[in-house]
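Below is one structure; the comments refer to it alone.
Computed from a prediction, not measured in an experiment: that's the story for all the values here. Values below: every heavy atom of this structure, side chains too, minus hydrogens, waters and symmetry copies.
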Amino acid sequence: MQPITTLDEFFTRSGADVTLYHMGRRVVPCSRDTLRGFEQAEHAWPEPWLGQARLGIVFRLGAMPEPAIWFLALPLDEQGMLSPAQRDGFINRLLETLGRNALASEQTLTADASAGVDDLMKDNPLAFTPDVTFQAMLNARATLHLGLPASQHLEPVEAYLSGQQSIDWQALGVQGLADFAVRMDDDAARALAERLSDLPASVTRALCYCLEHQPLPGCLLEALQARGEQAASEGDVETVCACVRAVGSSPEPTVGDWYTSLLEDSAACGPDLMAAMAGRGWQLLEDETRLPLFLNQLAEDERADFSAVVRDIALVPRLRLPVMLTLRDAPVGSPMHARLAGLMPRRA
């Protein structure tokens with residue numbers, strides 16, 4: 001039998017029940033085919049973040065009483081492909097922990113061997129800890145996928161957001177907001193859209209950070225845009241950025257038009273707003289008009305880290321070529337051209 005050299009092979013040969021989630025730019029399901037092709041160098045990672053392929057892996061091995069969760073950040077090269085050295089080291093450690101013979105013979109793993117899985121995250125260079133909202137979103141998606149009930153925090157969130165009960169918003173839990181976002185139906189979306197303008201800014205932002213992981217219905221997109229415009233008129237940049245992030249997974253023409261109008265307003269378009277667009281609304285930058293506008297605004301703003309943002313979005317496979325072509329065609333004397341010239345090494 002061939003040796004195990006990839007994570008996908010390990011999960012296949014071990015007989016694990018496994019579900020994968022992207023944990024970089026947003027928390028969404030990731031197919032086994034995506035991981036398999038990535039590990040076999042067939043394609044770049046589709047949703048890179050900070051130069052990494054960030055994965056949440058929910059799985060059950062052998063006699064494990066409860067599913068385990070691994071958070072792994074696989075390093076990428078400049079093309080967005082896997083840099084395999086650390087992954088290979090992790091697999092070797094994994095096989096030593098669980099026993100190569102058990103996997104090779106496809107035996108059921110013992111409880112002791114399965115228990116060693118949790119220890120693999122200790123002192124592991126690939127392990128990372130997602131922020132609280134990302135952890136809550138993973139838990140919300142995983143429980144729904146497994147047919148389990150939502151957390152106890154969902155009920156008060158539903159009561160508060162529907163306006164049925166007067167609850168101290170400071171008592172609302174992030175897990176409840178995440179459960180609400182994942183399980184939201186059309187009726188709940190309409191009710192939220194009607195109430196959004198009246199919510200405190202802190203609740204709006206926390207809710208937006210959960211809504212940003214999925215496409216949203218039109219009524220809610222309109223309400224989020226209106227709330228963002230309201231925040232802009234009040235000088236509340238943080239809430240504007242939260243609303244921009246919240247609609248970023250909804251590649252609708254109305255959202256694209258809003259992004260364009262914000263990019264055309266130099267007074268409103270600062271580095272935080274552009275970071276929100278690049279981080280959560282990158283799909284909307286795949287536009288022949290909007291991408292040059294974005295890059296030009298990024299180059300014009302001296303506060304923005306132009307090279308870092310460009311490197312980040314250029315790792316996204318669908319944006320890599322458009323970004324490179326836009327930079328190549330930057331007119332001489334333009335802000336983009338000046339920024340690029342500043343990045344070039346000077347001759348001695």
Please find the pair of heavy atoms, one from [X] and one from [Y], that lie closest to each other, and give the distance.
X      : Y      : answer
Leu216 : Ala246 : CD1-O, 3.4 Å
Arg227 : Thr204 : NE-OG1, 3.8 Å
Leu172 : Pro156 : CD2-O, 3.9 Å
Val244 : Ala276 : CG1-CB, 4.2 Å
Ala142 : Tyr21  : CA-OH, 3.5 Å
Leu61  : Phe10  : CD1-CZ, 3.9 Å

Flag the pair [X] / [Y] as yes when at least one side-chain heavy-atom distance between them is below 4.5 Å, and no otherwise.
X      : Y      : result
Glu229 : Trp258 : yes
Thr5   : Ile91  : no
His337 : Ser334 : yes
Arg290 : Phe294 : no
Thr34  : His43  : yes
Met23  : Leu55  : no
Cys210 : Met137 : yes
Val27  : His22  : no

With distance as the sole test, does [X] use its side chain to make a donor-acceptor pair with the main-chain N or O of [Y] at under 3.5 Å?
X      : Y      : value
Glu39  : Thr6   : no
Gln214 : Ala181 : yes
Arg245 : Met277 : no

Can you tell me if Ser307 and Arg339 form a side-chain donor-acceptor pair at under 3.5 Å?
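No donor-acceptor contact under 3.5 Å links the two side chains.
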Distance-only side-chain donor-acceptor flag, Ser83 / Asp77, under 3.5 Å:
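No, no side-chain donor-acceptor pair sits under 3.5 Å.
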Whether over 12 other heavy atoms sit under 6.0 Å from [X] [atom1]:
X      : atom1 : answer
Asp131 : CG    : yes
Glu155 : CD    : no
Gln152 : CD    : no

Between Tyr160 and Arg195, is there a cation-pi geometry (under 6.0 Å to ring centre, at most 45° from the normal)?
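Yes; both conditions hold, so Arg195 lies above the ring face of Tyr160.
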Charged N to carboxylate O below 4.0 Å: is that the case for [X] and [Y]?
X      : Y      : answer
Arg205 : Asp236 : yes
Arg25  : Asp312 : yes
Arg26  : Glu47  : yes
Arg311 : Glu78  : no

What's the spacing between [X] [atom1] and [Y] [atom2] if we round to 0.5 Å?
X      : Y      : atom1 : atom2 : answer
Leu340 : Arg328 : CG    : CZ    : 12.5 Å
Thr133 : Tyr209 : OG1   : OH    : 8.5 Å
Asn139 : Leu144 : CG    : CG    : 11.0 Å

ILVMFWY cluster, Leu295 and Leu262 together (side-chain gap under 4.5 Å):
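Same cluster.
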Parallel, tilted or perpendicular: which one describes the rings of Trp70 and Phe11, with boundaries at 30° and 60°?
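Answer is tilted, since the angle falls between 30° and 60°.
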